[in-house]
Amino acid sequence: MQYPKQQEHAMADAQAMTTTNTLPHATLLESINVFAQVLGPTWAKGVIIRRPAMVGIAESLGLDKHAVRYMQKLRNKYGNDPLLLRLPKGINYALVFMPEHVHRVLQETHQPFATDSREKHAALAHFQPDGVLISQDPERSKRRHFNEAVLDTALPVHRLADHFMRVVNEEASQLLDSLGYKQQLDWTRFASCWFRIVRRVVFGSAARDDEHLTHLVNKLRGHANWAFMYPRNKALQQELHTRINHYIQLAAQSGSAPEPSLAALIANMPQDAATAPADQVAHWLFAFDPAGMTVFRALALLASHPQQAAQAQAELQANTGSARQYLPYLRACILENLRLWPTTPVILRQSMSDTVWENGIMPAKTGLIIYTPLLHRDDEYLPYANIFAPEVWLNQQNTAIAKQWPLLPFSEGPAICPARNLVLLLTSNMLAELLQSSSLELLSSRLNPKLPLPGTLSPYRLRFKASS
């Protein structure tokens with residue numbers, strides 16, 4: 001099925017393929033600078049799993065703000081068209097700047113712009129070689145349907161929301177009870193709690209304390225950071241998949257009333273070998289890590305922004321019980337954190353055929369690069385670029401504006417994150433539990449509502465003092 005815009009572009013392509021015009025090329029120096037100032041720091045921080053030391057360096061040196069400035073400079077120089085980088089013959093990459101082009105690329109996924117780019121495949125294949133993002137049809141469609149069915153993509157609230165909320169409540173309460181006499185909360189304590197929640201949500205209580213499972217995922221993600229440059233560890237990959245399949249089978253064997261979990265849903269889901277459930281689950285385990293970082297950063301912003309914190313507390317007081325399944329303001333706080341510090345700083349697509357743009361043709365097999373911090377932090381267009389503005393996600397008029405301008409917390413189009421509503425459920429409820437159960441004073445960062453927010457905020461450096 002083609003979207004109307006896809007049909008429009010397909011007709012334009014058919015009419016214009018005889019043109020010899022090409023898209024603008026960056027100079028060699030500019031191309032080098034893109035890798036040095038934009039893509040290099042992004043890679044150094046860790047694309048598949050973050051490298052804490054490098055994230056801290058990026059925060060201290062303001063590397064992400066410098067990258068946004070350089071991308072603005074290139075866009076203002078070259079205008080609206082995607083900009084081809086000057087690279088060795090046969091290697092094509094293009095920067096996509098403008099909102100209409102970003103929307104086009106994401107809406108025209110998977111044809112002609114595939115998610116299965118060279119770089120993404122080289123990275124993700126380390127731990128999910130049959131994951132949906134690096135698959136092609138017909139397997140891709142089958143795997144996408146499987147993801148959407150288990151994750152309840154079409155529903156604003158997952159069918160197992162009540163149980164998942166109890167899991168979050170129990171683990172958050174235990175976290176706060178374990179802080180010790182100093183009553184300090186840091187990333188290490190928070191992350192341990194968060195991954196217990198993730199394992200219980202995905203597999204049930206049997207996996208709650210299986211820290212080795214999380215260690216396996218993270219070790220393979222560390223390999224994936226190096227993509228082509230690191231050999232695949234088939235034995236480690238097999239160990240991970242065996243462990244995942246063990247928990248899926250355990251859920252299937254648990255009788256007529258299994259403990260609610262995603263694994264229990266998988267057990268009753270039509271599937272075959274091409275569905276590759278273990279690969280899909282491996283991706284979920286990977287994606288829930290940056291979701292936890294988003295909660296921790298949201299805590300930091302609310303601890304340093306009294307006005308927004310008061311609105312969050314008002315929402316909590318007005319909603320109890322099952323009403324907590326959907327907390328618009330706290331969800332807006334999570335979305336705003338994803339705008340300010342996107343967990344996917346670079347969205348990659350691969351053109352499967354020649355495509356026609358306003359002033360030229362983009363060759364087939366071009367890698368398209370969408371640098372999300374440019375779109376989310378573009379102070380030449382967005383008055384709220386560098387401030388904490390949850391209201392952007394609440395007011396209908398603002399939401400319409402946001403849809404015109406690409407704010408991409410979960411990407412968009414046919415490849416939009418199928419777990420977005422589940423992620424918002426878990427993260428907003430974790431945020432709610434921590435805000436309601438204690439007063440959290442931010443100790444480690446000088447966030448100030450009167451100053452522009454930093455381009456990078458390392459969760460590893462954040463510390464809070466909790467008081468009842």
Side-chain angles (χ1 to χ4, degrees), residues 128 131-133 143-172 191 193-205 207-208 213-214 217 244 247-248 251 258-269 275 277-296 298 319 322-338 342-344 393 408-434:
Q128 46 162 312
V132 65
L133 282 180
R143 292 164 186 168
R144 177 72 190 195
H145 176 75
F146 172 86
N147 276 273
E148 292 184 350
V150 177
L151 299 171
D152 280 353
T153 301
L155 301 179
V157 174
H158 196 278
R159 77 191 91 166
L160 300 180
D162 282 337
H163 177 73
F164 292 163
M165 289 169 63
R166 285 194 293 273
V167 169
V168 171
N169 172 267
E170 291 167 10
E171 296 297 342
C193 172
W194 179 251
F195 283 117
R196 285 194 294 273
I197 292 171
V198 170
R199 291 192 294 269
R200 288 181 66 183
V201 165
V202 176
F203 300 115
S205 298
R208 178 189 185 272
L213 173 64
T214 301
V217 176
I244 290 173
Y247 287 116
I248 295 174
E259 178 188 1
S261 69
L262 299 182
L265 297 179
I266 291 172
N268 296 307
M269 192 69 56
T275 309
D279 290 74
Q280 316 319 316
V281 172
H283 186 81
W284 305 345
L285 297 174
F286 149 47
F288 274 120
D289 179 15
M293 295 180 188
T294 301
V295 176
F296 214 51
N319 294 275
S322 61
R324 290 275 177 94
Q325 290 182 354
Y326 200 92
L327 296 166
Y329 192 76
L330 287 187
R331 287 189 176 216
C333 289
I334 295 295
L335 289 166
E336 181 64 352
N337 272 267
L338 290 169
T343 56
T344 305
W393 304 96
L408 308 169
F410 296 106
S411 191
E412 68 173 45
I416 191 171
C417 174
R420 59 192 181 279
N421 287 321
L422 177 56
V423 167
L424 288 173
L425 171 75
L426 297 176
T427 53
S428 62
N429 272 275
M430 184 62 171
L431 193 54
E433 293 293 340
L434 296 177

Donor-acceptor contact below 3.5 Å, side chain [X] vs main chain [Y]:
X	Y	answer
R324	N319	yes
N421	T153	yes
S261	A264	yes
H158	V150	yes
W194	M293	no

Partners passing side-chain hydrogen bond (donor to acceptor under 3.5 Å, both in side chains) against N147 (at least two apart in sequence or in another chain): Q280, W284

side-chain hydrogen bond (donor to acceptor under 3.5 Å, both in side chains) involving D162 - partner list, sequence neighbours excluded: Q325

Minimal non-hydrogen separation, A267 against I248, with atom names: CB-O, 4.4 Å

Measure the [atom1]-[atom2] distance between [X] and [Y] for me, rounded to the nearest 0.5 Å.
X	Y	atom1	atom2	value
L425	L160	CG	CG	10.0 Å
M269	T275	CE	OG1	10.0 Å
F288	I197	CZ	CD1	10.5 Å
L422	D152	CG	CG	8.5 Å
F296	T427	CZ	OG1	15.0 Å

Those residues that, when tested against R196, pass salt bridge (charged side-chain N to carboxylate O under 4.0 Å, His left out) (two or more places apart): E171

Flag side-chain contact, heavy atom, 4.5 Å: V198 against T214: no

Within residues 326-338 or reaching into it, pairs that qualify as salt bridge (charged side-chain N to carboxylate O under 4.0 Å, His left out) - sequence neighbours excluded: E336-R339

Residue list, ring-ring contact (aromatic ring centres under 6.0 Å, His included) with F203, at least two apart or on another chain: Y247

Set of residues satisfying ring-ring contact (aromatic ring centres under 6.0 Å, His included) with respect to F286, sequence neighbours excluded: F127, H283

H163, NE2: over 12 other non-hydrogen atoms inside 6.0 angstrom: yes

Result of checking N429, L335, T294 against L424 for side chain to side chain contact (heavy atoms under 4.5 Å, CB included): L335

Salt-bridge present (R166, E170; N to O < 4.0 Å): no

